[in-house]
Amino acid sequence: MTSQTIIQELNNRAISDDYLYELLKKIQINYGFKIFEKKYEMLTERELFDILRFSDILSRSEDSLNRNISLKIISVLFDDYCDDEIYQLFSKNVLVKLGNFPSLRFLEASGNQIDNEEIELDKIIKQVFQKTTISEQYFTDSQFETFNKITNANHFSFSAGTSFGKSFLFTEYIKWLIEEKNASENIAFLVPTRALISQVVSDLSESIHNSKYKIISNPDIPAIFRNQKFIFVFTPERLISYFSEASNPNISTMIIDEAHNTIADDERCAE
């Protein structure tokens with residue numbers, strides 16, 4: 001039996017274990033009591049070890065639900081057990097396995113300096129492969145997986161929650177495009193509303209520093225700029241207006257943010 005099969009089997013057994021849900025119920029009730037400053041019964045030493053062991057097993061799963069449960073366990077237990085050495089060991093290992101570097105930095109800044117060679121080696125390997133263009137910032141596992149899929153496809157669509165870091169991922173993708181294509185192509189960033197244009201332009205202006213590119217949100221391109229490369233930030237209406245002028249530069253790559261809102265059953269949207 002391969003190691004992957006063993007991990008899958010452990011995950012299947014863990015996620016179907018009633019004991020896991022008993023412990024999950026207890027820690028979530030305790031967390032609620034803590035918020036409302038009510039007394040509650042702390043986990044026994046055995047219960048703490050067991051639920052952390054569940055978290056460790058689930059963090060190795062390919063199933064996003066299992067990984068989310070693993071992260072929830074670590075998050076809910078933090079306030080009560082952040083100084084506990086067993087919690088520190090498991091929590092650091094889980095966050096490294098999940099590739100959740102933002103949470104890992106928070107954990108270490110809060111006093112978790114547990115020293116374990118195997119965990120540190122895993123962390124270093126992930127940092128090497130999942131580094132971004134920004135020093136000391138790394139893709140999470142989910143971001144890294146998505147980024148690789150985007151850069152290896154002509155068309156790609158994905159859905160993610162608000163905490164996923166889509167804006168950061170899009171910015172890194174634009175930087176990759178500029179470098180990969182030797183700053184030779186125009187890029188368009190499509191947003192669903194005019195209210196988002198200024199925010200996206202501001203964010204891109206802070207992150208993209210390439211003299212060959214101009215970031216603009218107006219579909220009317222002055223003749224003086226025609227030899228420049230562009231990152232356009234448009235709404236669907238502005239994109240249609242841009243396409244209506246045949247002499248405008250070609251757009252090679254289009255990034256559509258919130259496509260379910262942008263591409264709607266509406267005469268203003270680009271078909």
Practice prompt. Look at atom OH of Y31 and say whether more than 12 heavy atoms of other residues, nucleotides or ligands are closer to it than 6.0 Å.
Written response: no
Item to complete: Look only at the side chain of Y81 and the backbone of L43, and say whether a donor-acceptor pair between them is shorter than 3.5 Å.
Response: yes
Practice prompt. Return yes if some donor-acceptor pair links the side-chain N/O of N248 with the main-chain N/O of Y242 below 3.5 Å, else return no.
Written response: yes
Discussion item. Determine whether a donor-acceptor pair (N or O, by modelled atom type, separation under 3.5 Å) exists between the side chain of N112 and the backbone of Q88.
Written reply: yes
Worksheet item: Parallel, tilted or perpendicular: which fits the ring planes of F158 and F164, with parallel below 30° and perpendicular above 60°?
Response: tilted
Worksheet item: Are T171 and S207 close enough that a side-chain donor and a side-chain acceptor fall under 3.5 Å?
Response: no
Item to complete: With sequence neighbours excluded, give me every salt bridge (charged side-chain N to carboxylate O under 4.0 Å, His left out) pair touching residues 192-218.
Response: none
Fill in: Backbone of S142 reached by a side-chain donor or acceptor of T146 within 3.5 Å
yes
Worksheet entry | Residues F234, F189; criterion ring pair (Phe, Tyr, Trp, His ring centres under 6.0 Å); working and verdict | CA-CA 6 Å; F234 290 154; F189 201 111; over 10 Å; no
Worksheet, complete the sentence: Tightest non-hydrogen contact, residues T140 and P102, listed as CG2-CD, 4.1 Å
Practice prompt. Could you check whether the rings of F106 and F78 sit parallel, tilted or perpendicular, using 30° and 60° as the cut-offs?
Written response: tilted
Fill in: Non-hydrogen atoms of I74 and Y87 that approach each other most closely
O-OH, 2.7 Å
Item to complete: Tell me whether the centres of the aromatic rings in Y213 and F230 are closer together than 6.0 Å.
Response: no
Worksheet item: Are I221 and I216 side-chain neighbours, meaning at least one heavy-atom pair lies under 4.5 Å?
Response: yes
Worksheet item: Is D63 salt-bridged to R67, going by a charged N under 4.0 Å from an acidic O?
Response: no
Worksheet entry | Between D141 and Q130, a side-chain donor and acceptor under 3.5 Å | yes
Worksheet entry | Residues, nucleotides or ligands: over 12 heavy atoms within 6.0 Å of E245 CD | yes
Worksheet item: Does the pair K175 and E172 meet the rule for a salt bridge (charged side-chain N to carboxylate O under 4.0 Å, His left out), with working shown?
Response: CA-CA 5 Å; K175 291 179 180 178; E172 287 295 303; 3.7 Å; yes
Worksheet item: Near E179 CD, under 6.0 Å, is it more than 12 heavy atoms from other residues, nucleotides or ligands?
Response: no
Worksheet item: So with a 6.0 Å cut-off around NZ of K26, is the heavy-atom count from everything else above 12?
Response: yes
Worksheet item: Do you know the tightest heavy-atom contact between S61 and N66?
Response: OG-ND2, 3.2 Å
Worksheet item: Do any N or O atoms from the side chain of S202 and from the backbone of Q199 form a donor-acceptor pair under 3.5 angstrom?
Response: no
Fill in: Side-chain donor or acceptor of E120 paired with backbone N/O of N116 under 3.5 Å
no
Worksheet entry | Side-chain ion pair, E136 and K131, N-O less than 4.0 Å | no
Worksheet item: Any Lys/Arg nitrogen of D122 or K97 sitting under 4.0 Å from an Asp/Glu carboxylate oxygen of the other?
Response: yes
Worksheet entry | More than 12 heavy atoms from other groups under 6.0 Å of CZ on F156 | yes
Worksheet entry | Test item: side-chain donor near acceptor, N93 and D56, under 3.5 Å | yes
Worksheet item: Between E118 and K123, does at least one N-O distance fall below 4.0 Å, as a salt bridge requires?
Response: no
Discussion item. For Y40 and D80, which I'm curious about, is there any donor-acceptor pair between the side chains at under 3.5 Å?
Written reply: yes
Discussion item. Using the rule given for ring pair (Phe, Tyr, Trp, His ring centres under 6.0 Å), can you reason through Y138 versus F144, listing the C-alpha separation, both sets of side-chain angles and the distance that settles it, and then say yes or no?
Written reply: CA-CA 9 Å; Y138 309 93; F144 184 62; over 10 Å; no
Worksheet item: Are any side-chain N or O atoms of T132 and backbone N or O atoms of Q137, one a donor and one an acceptor, separated by less than 3.5 Å?
Response: yes
Practice prompt. Look at the side chain of S70 and the backbone N and O of S55, then say whether any donor-acceptor pair between them is shorter than 3.5 Å.
Written response: yes
Response to the item:
Heavy-atom closest pair (K229 atom, N186 atom, distance to 0.1 Å) is CA-OD1, 3.4 Å
Worksheet item: Of all heavy-atom pairs between E185 and S252, which one has the smallest distance, and what is that distance?
Response: OE1-CB, 3.3 Å
Practice prompt. Quick one: closest heavy-atom pair of M42 and N30, and the distance?
Written response: CA-ND2, 4.4 Å
Fill in: Check: D50 main-chain N/O paired with Y19 side-chain donor or acceptor under 3.5 Å
no
Practice prompt. Verify whether one side chain among Q143 and K166 offers a donor that lies under 3.5 Å from an acceptor in the other.
Written response: no
